[in-house]
Protein chains: 2
Amino acid sequence: MPETSTATPESLSQTLAESGLRATPQRELVFNILLKKRDHPTADEVFARVKAEMPTISLATVYNCLETLVQCRVVRAVNFERGPTRYCPNQKPHAHFHDEQTGSTHDIDLPPGLLDQVKTILPEGYDANSVEIIFRGKAQS
Amino acid sequence: MPETSTATPESLSQTLAESGLRATPQRELVFNILLKKRDHPTADEVFARVKAEMPTISLATVYNCLETLVQCRVVRAVNFERGPTRYCPNQKPHAHFHDEQTGSTHDIDLPPGLLDQVKTILPEGYDANSVEIIFRGKAQS
DNA sequence: GTGAGATTTAGAATTATTCCAATAAACTAA
DNA sequence: TTAGTTTATTGGAATAATTCTAAATCTCAC
(Lines give C-alpha, C1' and ligand atoms only; values in the text may rest on other atoms or scores of the structure.)
Protein backbone atom coordinates (compact mmCIF):
# COMPACT_ATOMS: atom_id res chain seq x y z
CA MET A 1 0.00 0.00 0.00
CA PRO A 2 1.34 3.44 -0.86
CA GLU A 3 2.22 5.82 1.87
CA THR A 4 -0.80 7.93 2.56
CA SER A 5 -1.31 11.52 3.51
CA THR A 6 -4.44 12.27 5.42
CA ALA A 7 -5.88 14.55 7.96
CA THR A 8 -5.44 12.97 11.37
CA PRO A 9 -8.40 12.45 13.65
CA GLU A 10 -7.04 15.30 15.79
CA SER A 11 -6.87 17.79 12.96
CA LEU A 12 -10.34 16.92 11.74
CA SER A 13 -11.95 19.00 14.41
CA GLN A 14 -9.85 21.96 13.38
CA THR A 15 -10.53 21.50 9.69
CA LEU A 16 -14.23 21.40 10.37
CA ALA A 17 -13.99 24.49 12.57
CA GLU A 18 -12.27 26.37 9.77
CA SER A 19 -15.37 25.81 7.69
CA GLY A 20 -17.63 26.87 10.55
CA LEU A 21 -18.72 23.30 11.16
CA ARG A 22 -18.85 21.28 14.35
CA ALA A 23 -16.88 18.19 15.15
CA THR A 24 -19.71 15.88 16.09
CA PRO A 25 -19.25 12.29 17.27
CA GLN A 26 -20.91 11.10 14.08
CA ARG A 27 -18.53 13.02 11.82
CA GLU A 28 -15.51 11.88 13.78
CA LEU A 29 -16.60 8.27 13.75
CA VAL A 30 -17.34 8.24 10.04
CA PHE A 31 -13.93 9.70 9.38
CA ASN A 32 -12.18 7.21 11.68
CA ILE A 33 -13.97 4.33 10.03
CA LEU A 34 -12.66 5.49 6.67
CA LEU A 35 -9.14 5.72 8.05
CA LYS A 36 -9.32 2.28 9.60
CA LYS A 37 -9.96 0.29 6.44
CA ARG A 38 -8.94 2.01 3.25
CA ASP A 39 -10.86 -0.08 0.82
CA HIS A 40 -12.95 2.67 -0.78
CA PRO A 41 -16.23 1.67 0.82
CA THR A 42 -19.64 2.81 -0.35
CA ALA A 43 -21.94 4.83 1.90
CA ASP A 44 -23.82 1.64 2.74
CA GLU A 45 -20.61 -0.10 3.75
CA VAL A 46 -19.57 2.84 5.88
CA PHE A 47 -23.01 2.77 7.47
CA ALA A 48 -22.63 -0.90 8.38
CA ARG A 49 -19.19 -0.37 9.93
CA VAL A 50 -20.20 2.74 11.79
CA LYS A 51 -23.34 1.14 13.09
CA ALA A 52 -21.29 -1.52 14.83
CA GLU A 53 -19.85 1.21 17.05
CA MET A 54 -22.77 3.61 17.18
CA PRO A 55 -25.95 1.60 16.67
CA THR A 56 -28.25 4.61 16.68
CA ILE A 57 -26.69 6.39 13.74
CA SER A 58 -28.83 6.69 10.64
CA LEU A 59 -27.97 6.18 7.01
CA ALA A 60 -28.96 9.75 6.26
CA THR A 61 -26.41 10.93 8.78
CA VAL A 62 -23.72 8.83 7.17
CA TYR A 63 -24.54 10.46 3.84
CA ASN A 64 -24.50 13.86 5.52
CA CYS A 65 -21.19 13.24 7.22
CA LEU A 66 -19.54 11.90 4.10
CA GLU A 67 -20.75 14.91 2.14
CA THR A 68 -19.43 17.23 4.84
CA LEU A 69 -16.04 15.53 4.86
CA VAL A 70 -15.86 15.77 1.09
CA GLN A 71 -16.70 19.47 1.25
CA CYS A 72 -13.90 19.98 3.79
CA ARG A 73 -11.58 18.10 1.46
CA VAL A 74 -10.51 15.54 4.04
CA VAL A 75 -12.21 12.79 2.06
CA ARG A 76 -12.46 12.19 -1.67
CA ALA A 77 -15.57 10.87 -3.37
CA VAL A 78 -14.74 8.51 -6.20
CA ASN A 79 -16.94 7.39 -9.09
CA PHE A 80 -15.53 4.88 -11.52
CA GLU A 81 -18.55 3.45 -13.05
CA ARG A 82 -22.22 3.00 -12.73
CA GLY A 83 -22.76 2.22 -9.12
CA PRO A 84 -22.53 3.81 -5.72
CA THR A 85 -20.02 6.49 -4.88
CA ARG A 86 -17.00 5.31 -2.95
CA TYR A 87 -15.03 7.22 -0.35
CA CYS A 88 -11.33 7.57 0.21
CA PRO A 89 -9.52 9.38 3.05
CA ASN A 90 -6.24 9.58 1.15
CA GLN A 91 -5.60 13.26 0.45
CA LYS A 92 -2.24 12.78 -1.19
CA PRO A 93 -2.38 13.16 -4.96
CA HIS A 94 -2.94 9.67 -6.21
CA ALA A 95 -4.48 7.70 -9.01
CA HIS A 96 -6.83 4.76 -8.69
CA PHE A 97 -6.31 1.30 -10.06
CA HIS A 98 -9.49 -0.67 -10.46
CA ASP A 99 -8.90 -4.41 -10.49
CA GLU A 100 -11.45 -5.84 -12.87
CA GLN A 101 -11.17 -9.36 -11.51
CA THR A 102 -11.76 -8.62 -7.87
CA GLY A 103 -13.56 -5.30 -8.14
CA SER A 104 -11.17 -3.80 -5.61
CA THR A 105 -9.53 -0.42 -5.92
CA HIS A 106 -5.93 0.43 -5.11
CA ASP A 107 -4.37 3.83 -4.57
CA ILE A 108 -1.40 4.55 -6.80
CA ASP A 109 1.15 7.13 -5.72
CA LEU A 110 1.89 9.78 -8.29
CA PRO A 111 5.40 10.99 -8.96
CA PRO A 112 5.70 14.72 -8.25
CA GLY A 113 4.93 16.83 -11.26
CA LEU A 114 2.97 14.19 -13.13
CA LEU A 115 -0.35 15.94 -12.77
CA ASP A 116 1.12 19.23 -13.95
CA GLN A 117 2.72 17.44 -16.84
CA VAL A 118 -0.57 15.85 -17.82
CA LYS A 119 -2.24 19.24 -17.63
CA THR A 120 0.05 20.52 -20.37
CA ILE A 121 -1.96 18.57 -22.92
CA LEU A 122 -4.90 20.91 -22.38
CA PRO A 123 -5.49 23.36 -25.23
CA GLU A 124 -5.56 27.12 -24.64
CA GLY A 125 -8.54 28.25 -22.65
CA TYR A 126 -8.82 25.20 -20.46
CA ASP A 127 -7.91 25.73 -16.83
CA ALA A 128 -8.03 22.54 -14.77
CA ASN A 129 -7.99 22.64 -11.01
CA SER A 130 -7.97 18.89 -10.66
CA VAL A 131 -6.90 15.85 -12.63
CA GLU A 132 -8.15 12.39 -11.94
CA ILE A 133 -6.50 9.27 -13.33
CA ILE A 134 -8.15 5.88 -13.30
CA PHE A 135 -6.52 2.67 -14.43
CA ARG A 136 -8.43 -0.50 -15.09
CA GLY A 137 -6.89 -3.89 -15.41
CA LYS A 138 -5.42 -6.80 -13.58
CA ALA A 139 -3.35 -6.56 -10.43
CA GLN A 140 -1.16 -9.33 -9.10
CA SER A 141 -2.86 -10.92 -6.15
CA MET B 1 -13.85 20.40 -31.05
CA PRO B 2 -11.12 17.78 -31.43
CA GLU B 3 -11.11 15.60 -34.45
CA THR B 4 -13.02 12.48 -33.62
CA SER B 5 -12.62 8.88 -34.57
CA THR B 6 -15.77 6.85 -34.56
CA ALA B 7 -17.40 3.94 -36.17
CA THR B 8 -19.48 5.19 -39.07
CA PRO B 9 -23.14 4.33 -39.30
CA GLU B 10 -22.22 1.99 -42.15
CA SER B 11 -19.68 0.04 -40.20
CA LEU B 12 -21.95 -0.29 -37.18
CA SER B 13 -23.86 -3.10 -38.79
CA GLN B 14 -20.62 -4.93 -39.43
CA THR B 15 -19.30 -4.37 -35.93
CA LEU B 16 -22.50 -5.72 -34.48
CA ALA B 17 -22.39 -8.72 -36.80
CA GLU B 18 -18.88 -9.52 -35.64
CA SER B 19 -20.29 -9.94 -32.17
CA GLY B 20 -23.17 -12.03 -33.44
CA LEU B 21 -25.62 -9.20 -32.93
CA ARG B 22 -28.19 -7.71 -35.25
CA ALA B 23 -28.25 -4.21 -36.63
CA THR B 24 -31.75 -3.23 -35.60
CA PRO B 25 -33.36 0.12 -36.40
CA GLN B 26 -33.30 0.95 -32.69
CA ARG B 27 -29.58 0.30 -32.34
CA GLU B 28 -28.78 2.26 -35.46
CA LEU B 29 -30.91 5.19 -34.41
CA VAL B 30 -29.45 5.34 -30.91
CA PHE B 31 -25.98 5.33 -32.41
CA ASN B 32 -26.83 8.03 -34.95
CA ILE B 33 -28.33 10.20 -32.25
CA LEU B 34 -25.08 9.96 -30.31
CA LEU B 35 -23.09 10.91 -33.38
CA LYS B 36 -25.33 13.85 -34.17
CA LYS B 37 -24.81 15.77 -30.95
CA ARG B 38 -21.67 14.90 -29.06
CA ASP B 39 -22.58 16.37 -25.72
CA HIS B 40 -22.28 13.23 -23.60
CA PRO B 41 -26.00 12.77 -23.04
CA THR B 42 -27.52 10.58 -20.37
CA ALA B 43 -29.73 7.63 -21.25
CA ASP B 44 -32.76 9.78 -20.55
CA GLU B 45 -31.54 12.48 -22.88
CA VAL B 46 -30.83 9.92 -25.58
CA PHE B 47 -34.32 8.55 -25.04
CA ALA B 48 -35.87 11.99 -25.54
CA ARG B 49 -33.94 12.60 -28.76
CA VAL B 50 -34.57 9.16 -30.15
CA LYS B 51 -38.23 9.33 -29.32
CA ALA B 52 -38.61 12.37 -31.56
CA GLU B 53 -37.72 10.16 -34.53
CA MET B 54 -39.14 6.84 -33.33
CA PRO B 55 -41.98 7.57 -30.96
CA THR B 56 -42.63 3.95 -30.10
CA ILE B 57 -39.18 3.18 -28.71
CA SER B 58 -39.03 2.41 -25.02
CA LEU B 59 -36.60 3.60 -22.39
CA ALA B 60 -35.62 0.01 -21.66
CA THR B 61 -34.63 -0.40 -25.29
CA VAL B 62 -32.50 2.72 -25.16
CA TYR B 63 -30.70 1.26 -22.15
CA ASN B 64 -30.34 -2.05 -23.96
CA CYS B 65 -29.00 -0.41 -27.12
CA LEU B 66 -26.54 1.76 -25.23
CA GLU B 67 -25.29 -1.26 -23.34
CA THR B 68 -24.92 -3.19 -26.57
CA LEU B 69 -22.99 -0.37 -28.21
CA VAL B 70 -20.71 -0.13 -25.20
CA GLN B 71 -20.09 -3.88 -25.35
CA CYS B 72 -19.16 -3.58 -29.02
CA ARG B 73 -16.84 -0.73 -28.13
CA VAL B 74 -18.36 1.75 -30.53
CA VAL B 75 -19.56 3.87 -27.62
CA ARG B 76 -17.95 4.72 -24.31
CA ALA B 77 -19.85 4.98 -21.05
CA VAL B 78 -18.54 7.77 -18.86
CA ASN B 79 -19.02 8.29 -15.14
CA PHE B 80 -17.49 11.33 -13.57
CA GLU B 81 -19.50 11.77 -10.51
CA ARG B 82 -22.62 10.81 -8.73
CA GLY B 83 -25.31 10.91 -11.34
CA PRO B 84 -26.41 9.15 -14.45
CA THR B 85 -23.99 7.51 -16.85
CA ARG B 86 -23.19 9.54 -19.94
CA TYR B 87 -22.43 8.24 -23.40
CA CYS B 88 -19.80 9.22 -25.91
CA PRO B 89 -19.32 7.91 -29.46
CA ASN B 90 -15.73 9.14 -29.69
CA GLN B 91 -13.52 6.05 -29.88
CA LYS B 92 -10.26 7.91 -30.28
CA PRO B 93 -8.18 7.91 -27.11
CA HIS B 94 -9.19 11.08 -25.36
CA ALA B 95 -9.55 12.63 -21.96
CA HIS B 96 -12.56 14.46 -20.61
CA PHE B 97 -12.69 18.00 -19.36
CA HIS B 98 -15.58 18.70 -17.07
CA ASP B 99 -16.51 22.38 -16.95
CA GLU B 100 -17.66 23.02 -13.42
CA GLN B 101 -19.47 26.21 -14.30
CA THR B 102 -21.62 24.89 -17.08
CA GLY B 103 -21.62 21.19 -16.24
CA SER B 104 -20.65 20.42 -19.81
CA THR B 105 -18.02 17.93 -20.84
CA HIS B 106 -15.44 18.38 -23.58
CA ASP B 107 -13.31 15.74 -25.26
CA ILE B 108 -9.58 16.44 -25.12
CA ASP B 109 -7.31 14.86 -27.70
CA LEU B 110 -4.38 12.98 -26.27
CA PRO B 111 -0.91 13.21 -27.79
CA PRO B 112 0.30 9.81 -28.96
CA GLY B 113 2.11 7.91 -26.28
CA LEU B 114 0.69 9.85 -23.36
CA LEU B 115 -1.36 6.98 -22.06
CA ASP B 116 1.60 4.61 -22.24
CA GLN B 117 3.72 7.19 -20.49
CA VAL B 118 1.19 7.55 -17.71
CA LYS B 119 1.09 3.78 -17.36
CA THR B 120 4.76 3.76 -16.47
CA ILE B 121 3.92 5.11 -13.03
CA LEU B 122 2.26 1.81 -12.14
CA PRO B 123 4.27 -0.35 -9.74
CA GLU B 124 5.28 -3.91 -10.61
CA GLY B 125 2.37 -6.27 -10.78
CA TYR B 126 -0.17 -3.81 -12.09
CA ASP B 127 -1.26 -4.37 -15.65
CA ALA B 128 -3.65 -1.72 -16.94
CA ASN B 129 -5.63 -2.21 -20.08
CA SER B 130 -7.19 1.22 -19.95
CA VAL B 131 -6.42 4.63 -18.57
CA GLU B 132 -9.00 7.31 -18.07
CA ILE B 133 -8.13 10.94 -17.47
CA ILE B 134 -10.63 13.46 -16.19
CA PHE B 135 -9.96 17.17 -15.79
CA ARG B 136 -12.20 19.46 -13.82
CA GLY B 137 -12.10 23.21 -14.00
CA LYS B 138 -13.07 26.20 -16.01
CA ALA B 139 -13.13 26.37 -19.79
CA GLN B 140 -13.23 29.58 -21.76
CA SER B 141 -16.68 30.12 -23.08
C1' DG C 1 -30.68 28.41 31.46
C1' DT C 2 -32.56 30.41 27.08
C1' DG C 3 -32.72 31.10 22.30
C1' DA C 4 -30.66 30.64 17.73
C1' DG C 5 -28.66 27.93 14.71
C1' DA C 6 -26.59 23.47 13.54
C1' DT C 7 -27.10 18.54 13.37
C1' DT C 8 -29.28 14.17 13.48
C1' DT C 9 -32.93 11.16 12.62
C1' DA C 10 -36.60 8.18 10.31
C1' DG C 11 -39.13 7.75 6.75
C1' DA C 12 -40.94 9.36 2.36
C1' DA C 13 -39.70 10.72 -2.22
C1' DT C 14 -36.90 10.75 -6.23
C1' DT C 15 -33.75 9.16 -9.65
C1' DA C 16 -31.32 5.88 -12.32
C1' DT C 17 -31.18 1.49 -13.69
C1' DT C 18 -32.31 -3.37 -14.07
C1' DC C 19 -35.44 -7.14 -14.26
C1' DC C 20 -39.22 -9.72 -16.10
C1' DA C 21 -42.58 -11.80 -18.87
C1' DA C 22 -44.99 -11.17 -23.04
C1' DT C 23 -44.85 -9.83 -27.78
C1' DA C 24 -42.61 -9.10 -32.09
C1' DA C 25 -39.07 -9.58 -35.41
C1' DA C 26 -35.44 -11.98 -37.92
C1' DC C 27 -32.96 -16.09 -39.20
C1' DT C 28 -32.66 -21.21 -40.38
C1' DA C 29 -33.60 -25.29 -42.30
C1' DA C 30 -36.82 -28.09 -44.69
C1' DT D 1 -43.22 -20.17 -47.66
C1' DT D 2 -43.49 -21.94 -43.25
C1' DA D 3 -42.63 -23.90 -38.71
C1' DG D 4 -39.31 -23.55 -35.23
C1' DT D 5 -35.63 -21.16 -32.87
C1' DT D 6 -33.21 -17.43 -31.40
C1' DT D 7 -32.81 -12.55 -30.69
C1' DA D 8 -34.68 -8.09 -29.67
C1' DT D 9 -38.16 -4.89 -28.00
C1' DT D 10 -41.58 -3.34 -24.92
C1' DG D 11 -44.06 -1.62 -20.66
C1' DG D 12 -44.35 -2.09 -16.22
C1' DA D 13 -42.71 -3.66 -11.86
C1' DA D 14 -38.77 -3.94 -8.91
C1' DT D 15 -34.44 -2.46 -7.02
C1' DA D 16 -30.70 0.48 -5.66
C1' DA D 17 -28.65 4.81 -4.47
C1' DT D 18 -29.36 9.07 -2.96
C1' DT D 19 -31.81 13.18 -1.52
C1' DC D 20 -35.48 15.49 0.80
C1' DT D 21 -38.37 16.83 4.66
C1' DA D 22 -39.95 17.88 8.96
C1' DA D 23 -39.45 16.94 13.66
C1' DA D 24 -36.41 16.10 17.51
C1' DT D 25 -31.96 16.93 19.59
C1' DC D 26 -27.81 19.06 20.49
C1' DT D 27 -24.40 22.98 21.10
C1' DC D 28 -22.91 27.37 21.71
C1' DA D 29 -23.08 32.18 22.96
C1' DC D 30 -25.12 35.08 25.77
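We name chains A, B, ... by the order of the sequence lines, and we start the count at 1 in each one.
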Whole angstroms only, please: what is the [atom1]-[atom2] distance between [X] and [N]?
{"X": "B/Leu66", "N": "D/dA8", "atom1": "CG", "atom2": "C1'", "result": "15 Å"}
{"X": "B/Leu69", "N": "D/dT9", "atom1": "CG", "atom2": "P", "result": "10 Å"}
{"X": "B/Gln71", "N": "D/dA8", "atom1": "CD", "atom2": "P", "result": "13 Å"}
{"X": "B/Phe47", "N": "C/dT15", "atom1": "CZ", "atom2": "P", "result": "16 Å"}
{"X": "A/Ile57", "N": "C/dA10", "atom1": "CD1", "atom2": "C1'", "result": "13 Å"}
{"X": "B/Leu16", "N": "D/dT7", "atom1": "CG", "atom2": "C1'", "result": "13 Å"}
{"X": "B/Glu81", "N": "D/dT18", "atom1": "CD", "atom2": "C1'", "result": "14 Å"}
{"X": "A/Glu45", "N": "D/dA17", "atom1": "CD", "atom2": "C1'", "result": "13 Å"}

Counting only pairs under 3.5 Å, give me each side-chain donor-acceptor contact of residues 17-26 of chain A, with atom names and distances, residues two or more places apart or in other chains.
residue	atom	partner	partner atom	Å
A/Thr24	OG1	A/Arg27	N	3.1

Side-chain donor-acceptor pairs under 3.5 Å in residues 112-126 of chain A, sequence neighbours left out?
residue	atom	partner	partner atom	Å
A/Lys119	NZ	A/Ala128	O	3.4
A/Thr120	OG1	A/Gln117	O	2.5
A/Tyr126	OH	B/His106	ND1	3.3

How would you list, by chain and number, every residue that makes a side chain to side chain contact (heavy atoms under 4.5 Å, CB included) with [X], sequence neighbours excluded?
{"X": "A/Gln140", "value": "none"}
{"X": "A/Gln71", "value": "A/Glu67"}
{"X": "A/Asp127", "value": "none"}
{"X": "A/Ser130", "value": "B/Arg136"}

_Testing the 3.5 Å rule here: is there a donor-acceptor pair between the side chains of B/Glu53 and B/Asn32?_
no

Side chain to side chain donor-acceptor pair (under 3.5 Å) filter on A/Thr105, not counting sequence neighbours, yields A/His98

Residues at least two apart in sequence or cross-chain that pass side chain to side chain donor-acceptor pair (under 3.5 Å) with B/Arg76, listed by chain then number, are B/His94

So, does [X] get its side chain near the phosphate of [N], meaning an N or O under 4.0 Å from OP1 or OP2?
{"X": "B/Gln26", "N": "C/dA25", "answer": "no"}
{"X": "A/Thr61", "N": "C/dT9", "answer": "yes"}
{"X": "B/Thr24", "N": "D/dT9", "answer": "yes"}

Residues A/Asp107 and A/Cys88: closest non-hydrogen pair is OD2-SG, 4.1 Å

CG (A/Leu12) and CG (A/Leu16) are apart, to the nearest 0.5 Å, by 4.5 Å

One should read off an interatomic distance between B/Ser104 OG and B/Asp39 CG, to the nearest 0.5 angstrom, of 9.0 Å

Going 5' to 3' through nucleotides 25-30 of chain D and flagging B where a protein heavy-atom sits under 4.0 Å of the base, S where only the sugar-phosphate is that close, and - otherwise, we get --B---

Per-nt protein contacts along nucleotides 16-24 of chain C (heavy atom under 4.0 Å; B base, S backbone sugar-phosphate only, - none) come out as SBBB-----

Every protein N/O lying under 3.5 Å from an N/O of nucleotides 1-5 of chain D:
none

Quick check: does any side chain N or O of A/Ser11 sit under 3.5 Å from a backbone N or O of A/Gln14, one acting as donor and the other as acceptor? no

Point to revise | Expected output: side-chain B/Gln101 to main-chain B/Lys138 donor-acceptor under 3.5 Å | key: no

Between its two end axes (five pairs each) the helix from C/dG1-D/dC30 to C/dA30-D/dT1 turns, nearest 10 degrees, through 30°

